[in-house]
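Down below is the structure, laid out as structure tokens.
All residue numbers refer to positions in the sequence shown, counting from 1. Quick caveat, the model's predicted, so the values are computed rather than measured.
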Amino acid sequence: MNKTYYGKLIFELSKSGRTGYSLPKVESKYQLSALKCQRQAALELPECDELTVVRHYTNMSNNNFGVDTGFYPLGSCTMKYNPKINEEAATMPTFTRLHPATPDHCAQGALHVYYETQRMLSEIAGMGEFTLNPYAGAHGELTGLMVIRTYHERRGDTARTKILVPDSAHGTNPASAAVCGCEIVQVKSLADGTVDVEDLKTHLGADIAGMMMTNPNTLGIFERQIPEIAKLVHECGGLMYYDGANLNPMLGVCRPGDMGFDVMHINLHKTFSTPHGGGGPGSGPVGVRKGLEQYLPNPRVVKNFEMIEDEEEYSYYSIECNDEALGSVSSFLSNYGIIVRAYVYLLSLGKENVPMAGKLSVLNANYIKEQLKAYYKLPIDGLCKHEFVFDGLKDEYAGHHDEPDHVVTLDVAKRLLDYGFHAPTIYFPLLFHEAMMIEPTETESKETLDDFIAVMVKIAEEAKADRQMLKTAPHSTPVRRLDDVRAVKDAIFKF
């Protein structure tokens, strides 16, 4: 790698007076009339020739790790594979050049995609209706909780201000409830990772607005007591909320609506294949059971079944039409390109193949777990779904935690980078001190899984033979082990 471009900022490559373009001067009769609108000093931009710029950013892109370059064992949590046909459809000019304010009758194709995606998600989830308006999963959580709040308010039941949240929940659950103005009540888990129903009973009352649950839960364990839990919450007047972050293994096998959930969100960018690394773009559609449709946010896309000649088939169902709605949560129709990708993904699989995604993700996760549990601590044994959690290396490989150089989960994650694998999610969920959550998804081949397993075994053996090999990893990446403490105490935010 040429050190001229490698590891430097574009500003460090700048040379005064150097430029990458030459444009003719244009004499124009139009000038800014107000001096206050004119820039008084030149922009402080790097001065580089075109070739330097191209090489710099090309080398930077080659350092990126993506689902197209290697295995992401944190899977559908962030980087489930996105088939290229999805990208091709989403980048069609007929979609990308469509202005958000285009009248209904000029956007029938786009509205058709939006409406049909709503219907497919409703069928998959067992819900009565969906809105695709929320921009991401956490935004979907907030929207779903707003539906619950609106439901209670419309009935005049304003005393319901508490949301039940299991201690194994996603971190966004209590955060979303707090943003919605609710009080969070934590429900304990049993030793097997599932919700403690007896503890739940002690919190039920007339102040409970609802309960948020993920199934399978954050540990990858299926919550077998869902029917009883839903019955208890409904009997006390609350609603059940399903966090759809772990919907992937359930596809075509079972539906949240059939389990007793009233409101849910789906991480469209996770379950239906859009890369979500770097914080976006995302989509968090919210579904509700029949009887709650009127509380979904505006606008909505509806189909006109009684068509008049020359009238559009699909149209916006706006706030003027529905004053029961909770309001608006996004401008226009959210991240439309993500919706197109999900639509194509579902059509590509077809109803008959959607269940295969869930089943294969479960098979892949259990295959890895069984191969590695002799080397890594498995706090909850048994059948998992799409993901599972180790609690670090076993002591015979890592050393006892009282030893100053014992190997921790972070060391394993850093060493994985040397072998070309992205690290799994680490130190989450918070139930285990050295948590390592592995989620392979359904798209990875057995050969890839075998390579990952072999590397994880080798890392365990390295930890036993030479702990410093892991304590100083990574060794072959552009950036070596960072000093996290110094980064916090002496943060540098600009060049």
* **Between CD1 on residue I221 and CG on residue N246, distance to nearest 0.5 Å** => 11.0 Å
* Taking the six-membered ring where the residue is Trp, are the ring centres of F432 and F390 under 6.0 Å apart? -> no
* Mind listing the closest non-hydrogen atom pair of T94 and L98 along with its distance? => O-CB, 3.8 Å
* Asked: Do the charged groups of E129 and R119 touch, with an N to O distance under 4.0 Å?
  -> yes
* From the options R154, R149, R155, select the one residue that forms a side chain to side chain contact (heavy atoms under 4.5 Å, CB included) with H152. => R155
* Using a 4.5 Å cut-off on heavy atoms from C-beta on, say whether the side chain of E235 contacts that of K231. => yes
* Can a salt bridge be assigned to the pair D196 and K188 using a cut-off of 4.0 Å between side-chain N and carboxylate O? -> no
* Asked: Mind checking whether L333 and L111 have side chains closer than 4.5 Å, heavy atoms only?
  -> yes
* Do you know the tightest heavy-atom contact between V233 and L239? -> CG1-O, 3.8 Å
* Can any side-chain N or O of E87 pair as donor or acceptor with the backbone N or O of P83 at less than 3.5 Å? -> no
* Considering non-hydrogen atoms only, spot the tightest contact between V286 and G140 and give its length. => CG2-O, 3.3 Å
* **Closest non-hydrogen atom pair, H139 against V329** => CE1-O, 3.0 Å
* Structure fact -> dist D192:CG -> D381:CG (nearest 0.5 Å) comes out at 12.0 Å
* Asked: How far apart are the closest heavy atoms of A169 and N173, and which atoms are they?
  -> CB-OD1, 3.5 Å
* **Backbone N/O of K414 and side chain of R481: donor-acceptor pair under 3.5 Å** => no
* **Residue pair Y241 / E141: nearest heavy atoms and the distance that separates them** => OH-CA, 3.1 Å
* To do: Decide, yes or no, whether a salt bridge links K359 with E442 under the criterion of side-chain N to carboxylate O below 4.0 Å.
  => no
* To do: Please examine the side chains of L251 and F272, heavy atoms only from C-beta on, and report whether any two atoms are closer than 4.5 Å.
  => yes
* Minimum side-chain heavy-atom gap E313-K303 below 4.5 Å -> yes
* **Lys/Arg N to Asp/Glu carboxylate O, K84 vs D68, below 4.0 Å** => yes
* May I ask you to check whether D243 and H170 show a side-chain donor-acceptor distance below 3.5 Å? => yes
* **Lys/Arg N to Asp/Glu carboxylate O, K373 vs E370, below 4.0 Å** => yes
* Asked: Side chains of N86 and Y81: do they bring a donor and an acceptor to under 3.5 Å?
  -> no
* Do F222 and L383 come close enough that some side-chain heavy atom pair is under 4.5 Å? -> no
* To do: List in chain and number order the residues that pass side chain to side chain donor-acceptor pair (under 3.5 Å) with E223, two or more places apart in sequence or in another chain; answer none if no residue qualifies.
  => N217
* Asked: Relative to each other, are the rings of Y336 and Y114 parallel, tilted or perpendicular (30° and 60° limits)?
  -> parallel
* Please work out whether the ring planes of Y72 and H422 are parallel, tilted or perpendicular, with thresholds of 30° and 60°. => parallel
* **Separation between CZ of R415 and CD1 of I459, rounded to the nearest 0.5 Å** => 7.0 Å
* Inter-residue atom distance Y376.OH - K369.NZ, 0.5 Å rounding -> 15.5 Å
* Asked: Less than 4.5 Å apart, any side-chain heavy atom of P429 and any of M437?
  -> yes
* Look up atom OG1 in T117 and atom CG in L347, then write down how far apart they are to the nearest 0.5 Å. => 8.0 Å
* Asked: Distance only, no hydrogens: is a donor on one side chain within 3.5 Å (strictly under) of an acceptor on the other, for Y135 and S331?
  -> yes
* To do: Enter the distance from K351:NZ to M120:CE here, rounded to the nearest 0.5 Å.
  => 12.0 Å
